[in-house]
Amino acid sequence: MNAPFYKFGLFGEDASLLVALFIGIGFGFFLERAGFGSARKLAAQFYFTDLRVFKVMFVAIVTAMLGAFWLSWLGLLDYTQVTVPSTYLVPQIFGGLVFGVGFVMGGYCPGTCCVAAATGRLDGVVHLFGMISGILIFGELYSFIEGFYTSTPMGRFTLPDLLQLPFGLTVFLVVLLALAGFAAAERLEKKFNPSGEIPS
Amino acid sequence: MNTKFSSFSLNQRLALLAGLLGFLALVAGSPFRNQSVTIDLKELARAIESENDHISADQLAEWIMLKSPVRVIDLRDSISFLTYHIPTAECMTMEKLLEENTSKDGKLVLYSEGGIHAAQAWMLLKAKGHTNVYTLKGGLTSWKEDILFPAVSGAASPEERVLFARRKALSEYFRIVTPSLQVDSSAVHRKPKPPVKVKAERERPWEGC
């Protein structure tokens, strides 16, 4: 048995949609359990009073990275077959800025606004509506912005490619960065929110 | 120590585990298991342009004669190999060649009938990280023409005659080390002739000397 299962034909396209649905529900469930259904909690990270978004996301990155590395090392996962979205540097930096501004303004990112909407929060529903409208507008305008959207293509570009370092060393450095980040986040929280009060 | 560890919170224990797995990743080596390689395209292009990717039949003949540590790989099928092969050569398929886990610095010379197959294998081995791998320029055809049956024209320059004399010596050597030499002259391609004239053809290279 070798992963990715879909690429190795363990299940077809229809089944893969079902798998995606279950993974999506699981993702939403854990986002909600982490408290990401609340825009106040999400926005608190920008004021350094509650850095749980940073911590949860970095934990997810480190867990996935270590899992991918060690499963590949054990021969259970063919890392080269794992889909990595192509990098288009400049448009993605621009997209990141748009994303960040939307996050600060609305208090949600795309995943968390779905969670908020699913748990009945009105701001989440409005945010979700805004996101879907944005997708529609983007789709309609795509032919005008295609040139920019596909500029500076870099293909499958990952950290080891950027740093020109062995894969294992990159993994180690990212883990160190995460651990240092967690320690720094705890300190920042203590400094900016000494009472430990959690916004609801 | 145990007491200290048990006093850690769950978060701290998980952080410790992540740190440990990260550190082990540092020393575990590549996770790719030959599934994927990174190739230096410029280096390959330079090797090809500067003709460092192949050697001549003369060079290979000298290496074999001098018993230089070189592995010669015959990439043709086993029947062709049994019919004739360069002395010391090993018959191997491309797949088997890639599966081998030998030193990446060892000198390897690859040959096929013409050279295309060997060039493809050369690319794969370079991608795998072999540093000292060459193809035989012109393949076995060139080996037969240059080493086994060297020829020189009457109007040859002095340099060509010197080269011919050297090749003749090599030819004699390789005929001795492979007394059962049975070469299908159709593979020599010097002049397309019917197979019945094989023997006469073999004697011709000495003409004009």
Side-chain angles (χ1 to χ4, degrees), chain A residues 2-4 7-8 34 51-52 54-56 58-82 84 155-186 189, chain B residues 1-2 4-47 94-105 120-131:
Chain A
N2 213 338
K7 292 273 176 73
F8 284 100
L51 286 160
R52 71 173 70 192
F54 168 80
K55 286 189 274 188
V56 167
F58 226 152
V59 164
I61 290 168
V62 167
T63 308
M65 179 186 68
L66 287 172
F69 179 88
W70 285 107
L71 288 174
S72 298
W73 194 84
L74 293 169
L76 296 171
L77 169 72
D78 184 350
Y79 172 74
T80 59
Q81 295 299 310
V82 176
V84 176
R156 184 189 169 111
F157 193 73
T158 56
L159 269 184
D161 302 324
L162 174 70
L163 303 172
Q164 295 283 306
L165 291 175
F167 205 90
L169 179 58
T170 313
V171 167
F172 181 57
L173 291 178
V174 173
V175 170
L176 281 188
L177 189 69
L179 295 181
F182 297 147
E186 299 269 311
E189 282 173 345
Chain B
M1 181 75 187
N2 273 345
K4 202 174 177 187
F5 183 74
S6 59
S7 69
F8 285 173
S9 68
L10 179 63
N11 283 357
Q12 286 170 325
R13 287 182 199 183
L14 288 173
L16 204 65
L17 179 65
L20 185 69
L21 286 174
F23 178 73
L24 289 175
L26 181 65
V27 292
S30 169
F32 295 126
R33 307 208 159 210
N34 299 332
Q35 291 157 342
S36 163
V37 289
T38 306
I39 54 172
D40 187 340
L41 294 176
K42 280 187 182 167
E43 190 216 316
L44 288 188
R46 270 198 300 272
M94 224 183 271
E95 207 171 336
K96 200 175 157 213
L97 183 65
L98 283 175
E99 279 171 8
E100 280 217 329
N101 279 319
T102 48
S103 158
K104 293 204 165 75
D105 304 320
Q120 289 165 335
W122 177 87
M123 191 66 88
L124 295 177
L125 286 182
K126 286 298 265 189
K128 210 182 151 197
H130 283 261
T131 53

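Note that these values count all heavy atoms, side chains included, but never hydrogens, waters or copies made by symmetry. Naming: A, B, ... by sequence-line order, numbering from 1 per chain.
- Counting non-hydrogen atoms of other residues, nucleotides and ligands closer than 6.0 Å to CZ of F157(A) gives a total above 12.
- For a residue to count as touching a neighbouring chain, one of its non-hydrogen atoms must lie under 4.5 Å from one of that chain's; by this rule L24(B) touches chain A with backbone and side chain alike.
- Of all the listed residues (A28(B), A25(B), G22(B)), the one sharing the greatest number of non-hydrogen pairs under 4.5 Å with chain A is A25(B).
- For L66(A), the part lying under 4.5 angstrom from a heavy atom of chain B is the side chain only.
- Ranked by heavy-atom pairs under 4.5 Å with chain B, the first of L179(A), V62(A), V59(A), L71(A) is L179(A).
- Note that CG of L21(B) is 10.0 Å distant from CZ of F69(A), once rounded to the nearest 0.5 Å.
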